[in-house]
S.K.: 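Below are the C-alpha cells for one structure; questions will follow.
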Amino acid sequence: MPKDDHAAGSQIVGPQDGISVGPDYFIERDGTRYAGGHLLLDMWGARDLTDPEFIENTLTRAAEASGATILHAHFHQFGEGGGVSGVLVLAESHISIHTWPERDFAAIDIFMCGACDPLKAVPALEHGFKPAESKISEQRRGVIS
C-alpha cells in the first residue's frame, strides 16, 4: 500500500462536495483517498467530429466547467473530413478525444486530480457534440484507502 501523507496539511474544498484535498492533490471523498477521478465517455450519434477548432473549443469549455487549468492543447485531423485526435494537457491531468466521424462516435477520456470535478465537464461536452447517446464509466485512480 502506498504511503499516505494526506492528513497533514489537508484542506476542505467545496463543502457541498464533501471532499478534501491534500498538499499532494490526492482527494478524499466518502472515506476513500485517491489520486483523481477518471472518466471514459463514449458518445454515439455525435456531431461536428471533423472540425479540430470546434473540438478544441468544446474541450476547453469542458475543462473550464471542471475548474481545470489548461497548460497545452494539441489536435490533429486525419485528412480532409477525417477524424480528429487531440488532448488538452491540464495542470490537473488531461482531457483527450478520438473521433470516428464515419460512425458518429467520439471517445473522450477525462482525468483530473485535486479539487477539479471531471463530471462537471460532461454537460459542456454533451452540449457541444449533441450525442444521441452517452455512456460514462468512472474510476478512482490511485486508491490508497
Side-chain angles (χ1 to χ4, degrees), residues 1-78 83-101 103-145:
M1 177 83 45
K3 182 179 173 188
D4 181 9
D5 289 330
H6 178 76
S10 66
Q11 57 182 337
I12 297 295
V13 178
Q16 70 280 5
D17 297 329
I19 67 169
S20 65
V21 177
D24 59 0
Y25 295 97
F26 266 59
I27 300 162
E28 182 171 345
R29 177 181 284 142
D30 304 325
T32 302
R33 293 185 189 133
Y34 56 100
H38 197 162
L39 302 181
L40 300 179
L41 176 60
D42 288 351
M43 291 186 163
W44 292 98
R47 300 180 2 187
D48 297 314
L49 301 179
T50 61
D51 182 346
E53 184 177 344
F54 175 82
I55 292 169
E56 180 176 350
N57 289 338
T58 300
L59 268 62
T60 296
R61 284 191 297 281
E64 290 168 348
S66 297
T69 305
I70 299 169
L71 301 176
H72 180 73
H74 182 78
F75 292 83
H76 175 82
Q77 184 172 24
F78 294 93
V84 174
S85 289
V87 64
L88 292 182
V89 178
L90 309 173
E92 302 81 8
S93 197
H94 69 273
I95 300 177
S96 64
I97 188 168
H98 304 281
T99 72
W100 286 262
R103 299 217 180 250
D104 299 324
F105 175 70
I108 302 171
D109 181 282
I110 308 166
F111 180 47
M112 295 179 180
C113 65
C116 295
D117 184 350
L119 288 169
K120 290 182 179 177
V122 175
L125 295 166
E126 289 178 334
H127 177 77
F129 296 116
K130 300 186 181 358
E133 180 181 4
S134 293
K135 294 185 179 182
I136 301 173
S137 63
E138 182 178 8
Q139 294 243 324
R140 291 181 175 183
R141 305 292 305 269
V143 174
I144 57 176
S145 67

S.K.: Which residues pass the salt bridge (charged side-chain N to carboxylate O under 4.0 Å, His left out) test with Arg141, sequence neighbours left out?
M.R.: none

S.K.: What residues, two or more places apart in sequence or in another chain, satisfy side-chain contact (heavy atoms from CB on, under 4.5 Å) together with Pro52?
M.R.: Phe75, Gln77, Val84

S.K.: Test Ile108 against Ile95 for side chain to side chain contact (heavy atoms under 4.5 Å, CB included), laying out the working first.
M.R.: CA-CA 7 Å; Ile108 302 171; Ile95 300 177; 4.2 Å; yes

S.K.: Taking NZ, NE, NH1 and NH2 as the nitrogens, is one of them in Asp30 or Arg140 under 4.0 Å from a carboxylate oxygen of the other?
M.R.: yes

S.K.: Kindly write out the residues that satisfy ring pair (Phe, Tyr, Trp, His ring centres under 6.0 Å) with His76, not counting sequence neighbours, or none if the list is empty.
M.R.: Phe78

S.K.: What pairs with His98 under side chain to side chain donor-acceptor pair (under 3.5 Å), at least two apart in sequence or on another chain?
M.R.: Ser85

S.K.: Salt bridge (charged side-chain N to carboxylate O under 4.0 Å, His left out): which pairs involve residues 45-57, sequence neighbours left out?
M.R.: none

S.K.: Which pairs pass side chain to side chain donor-acceptor pair (under 3.5 Å) with one or both residues in residues 123-134, sequence neighbours excluded?
M.R.: Glu126-Ser134

S.K.: Kindly assign one of parallel, tilted or perpendicular to the pair Phe129 and Phe54, based on the angle between their ring planes and the thresholds 30° and 60°.
M.R.: perpendicular

S.K.: Could you pull out all residues at least two apart from Tyr25 that satisfy side chain to side chain donor-acceptor pair (under 3.5 Å)?
M.R.: none

S.K.: My understanding is that only residues two or more places apart in sequence, or in another chain, count here; which of them pass side chain to side chain donor-acceptor pair (under 3.5 Å) with Thr32?
M.R.: none

S.K.: What pairs with Phe111 under ring pair (Phe, Tyr, Trp, His ring centres under 6.0 Å), at least two apart in sequence or on another chain?
M.R.: His38

S.K.: Any side chain to side chain donor-acceptor pair (under 3.5 Å) involving residues 57-72? Give me the pairs, sequence neighbours left out, ordered by first then second residue.
M.R.: Thr58-Arg61, Thr69-Glu92

S.K.: I want to check something: taking the side chain as every heavy atom from C-beta on, are Leu49 and Met43 in contact at a cut-off of under 4.5 Å?
M.R.: no

